[in-house]
Amino acid sequence: MMSMAARSGALAPYLHSTKHAVKSLVKPGAKDLAPAAENVEYSLVPAHQSPGGIRLAHTDIKIPDFTDYRRPEVTDPNKSSQDSSDARRSFSYLFTGATTVVGVYAAKTVVTQFLSSMSATADVLALSQIEIKLSEIPEGKNITFKWRGKPLFVRHRTEKEIATEEGVNMSELRDPQHDKDRVINPKWIIVLGVCTHLGCVPIANAGDFGGYYCPCHGSHYDASGRIRKGPAPLNLEVPYYVFPDEDTLLVG
């Protein structure tokens with residue numbers, strides 16, 4: 001009983017307001033208990049404190065106004081929404097295109113700078129070429145130079161050597177290559193002094209064919225640098241070179 005009394009005491013205000021609301025609806029003479037609708041002031045006060053117990057606080061909720069955030073062209077009801085949509089689409093295409101162009105240009109710049117940073121420095125490029133005075137090499141002799149960390153053979157051939165190498169039967173060669181395809185000027189044969197077998201350095205003016213001989217495993221090359229005997233599979237490599245003038249050789 002005590003608990004029920006306590007509960008009824010807590011609900012007393014709500015029961016009281018309900019009583020007044022019901023009276024205003026079912027008793028014609030109870031109009032003085034419930035004011036006219038136009039005089040009702042809606043608020044968030046509890047129902048037991050509001051006139052007539054009418055609670056319509058939800059009608060006080062204000063609808064947010066986003067006018068300040070809307071585009072001017074979409075606020076006018078007389079304008080077509082299609083025009084605004086086309087304008088926004090054009091702007092989106094323009095912005096996307098401009099961003100793409102800037103991104104591609106930035107990527108190109110980054111790649112170019114990266115590749116430039118990996119290129120050889122000036123001192124390395126200076127060592128990539130070697131200039132040789134041909135007048136210092138007597139006829140029939142071979143001079144060895146150092147180029148890019150490798151031995152470079154420059155041979156001044158005699159007329160007899162030129163005729164012998166040009167007359168070699170191509171079917172006898174392991175790595176067929178005509179002498180004219182290996183020289184620019186028949187008087188000069190320029191090859192790298194690296195054996196194509198295991199990278200040893202051959203001896204010039206030696207071997208069974210009077211050209212180059214590798215004592216490591218017995219590879220014999222002729223005066224055109226072509227392999228003629230032994231385990232080497234290929235001819236001696238001919239580097240890129242030019243003759244700026246009759247007395248100058250530029251390799252590299």
> Rounded to the nearest 0.5 Å, how far apart are CH2 of Trp147 and CD1 of Ile190?
11.5 Å
> Quick one: are Cys214 and Ile203 in side-chain contact, heavy atoms under 4.5 Å?
no
> Apply side chain to side chain donor-acceptor pair (under 3.5 Å) to the pair Asp222 and Ser224, showing each step before the final yes or no.
CA-CA 5 Å; Asp222 59 20; Ser224 185; 4.6 Å; no
> Shortest non-hydrogen contact from Gly225 to Tyr221?
O-CD2, 3.6 Å
> Please find the pair of heavy atoms, one from Pro233 and one from Asp175, that lie closest to each other, and give the distance.
O-CB, 4.1 Å
> Which atom names give the shortest non-hydrogen contact between His220 and Gly207, and what distance separates them?
ND1-CA, 3.5 Å
> Please assess Tyr212 against Asn142 for the test side chain to side chain donor-acceptor pair (under 3.5 Å), listing each intermediate value before the final yes or no.
CA-CA 10 Å; Tyr212 306 93; Asn142 181 91; 3.1 Å; yes
> Under the side-chain contact (heavy atoms from CB on, under 4.5 Å) rule, what do Ile132 and Phe145 come out as? Steps first, then yes or no, please.
CA-CA 9 Å; Ile132 300 171; Phe145 299 89; 3.5 Å; yes
> Atom CZ of Arg89 and atom CG of Leu94: how far apart are they, to the nearest 0.5 Å?
14.5 Å
> Of all the heavy-atom pairs spanning Ala232 and His197, show the shortest one and how long it is.
CA-CB, 3.9 Å
> Checking the side chain of Arg228 only, and the main-chain atoms of Glu172 only, is there a donor and an acceptor separated by less than 3.5 Å?
no
> Classify the angle between the aromatic ring planes of Tyr241 and Phe243 as parallel (below 30°), tilted (30 to 60°) or perpendicular (above 60°).
perpendicular
> Evaluate the side-chain proximity of Pro231 to Ser219: yes if any heavy-atom separation is below 4.5 Å, no if none is.
yes
> Would Leu249 and Ile184 show up in the same hydrophobic cluster when neighbours are defined by side-chain heavy atoms closer than 4.5 Å?
yes
> State the CZ-OG1 distance between Arg155 and Thr158, to the nearest 0.5 angstrom.
8.0 Å
> So, taking the atom named CG in Leu152 and the one named OG1 in Thr144, what distance separates them when rounded to the nearest 0.5 Å?
8.0 Å
> If we ignore hydrogens and angles and just use 3.5 Å, is the side chain of Thr248 paired with the main-chain N or O of Pro244 as donor and acceptor?
no
> Is there a side-chain contact between Ile143 and Glu136, using heavy atoms and a 4.5 Å cut-off?
no
> When you compare the side chain of Val194 with that of Pro151, does any pair of heavy atoms fall below 4.5 Å?
yes
> Verify whether one side chain among Asn235 and Arg174 offers a donor that lies under 3.5 Å from an acceptor in the other.
no
> If hydrophobic clusters are built by linking Ile, Leu, Val, Met, Phe, Trp and Tyr wherever their side-chain heavy atoms come under 4.5 Å apart, do Tyr213 and Val191 end up in the same one?
no
> What verdict does the side-chain contact (heavy atoms from CB on, under 4.5 Å) test give for Leu192 and Leu236, after you've listed the backbone C-alpha separation in whole Å, the side-chain angles of each residue and the deciding distance to 0.1 Å?
CA-CA 6 Å; Leu192 293 180; Leu236 293 178; over 6 Å; no
> Any pair with a residue in residues 155-176 that passes ring-ring contact (aromatic ring centres under 6.0 Å, His included), sequence neighbours left out, goes on the list, sorted by first then second residue, please.
His156-Trp188
> Nearest 0.5 Å, what's the NZ-CD distance between Lys180 and Glu166?
5.0 Å
> Kindly work out whether a path of hydrophobic side-chain contacts (I/L/V/M/F/W/Y, heavy atoms less than 4.5 Å apart) joins Val104 to Val102.
no
> Has Glu165 got a side-chain atom pairing as donor or acceptor with Ala223's backbone, closer than 3.5 angstrom?
yes
> Would a 4.5 Å heavy-atom cut-off, applied to side chains only, mark Lys229 and Asp208 as touching?
yes
> side-chain contact (heavy atoms from CB on, under 4.5 Å), that's the test. Do Lys133 and Asp247 meet it? Break it down for me.
CA-CA 6 Å; Lys133 294 297 182 182; Asp247 189 43; 4.2 Å; yes
> Give the cluster check for Phe153 versus Ile162: same hydrophobic cluster or not, with ILVMFWY residues linked at side-chain heavy-atom distances below 4.5 Å.
no
> Is the charged tip of Arg226 near the ring of Phe209: under 6.0 Å from the six-membered ring centre and within 45° of its axis?
no
> How long is the gap from CD1 on Ile189 to CZ on Arg157, to the nearest 0.5 Å?
5.5 Å
> Take Val201 and Cys195, measure what side-chain contact (heavy atoms from CB on, under 4.5 Å) needs, and give me the verdict at the end.
CA-CA 6 Å; Val201 179; Cys195 180; over 6 Å; no
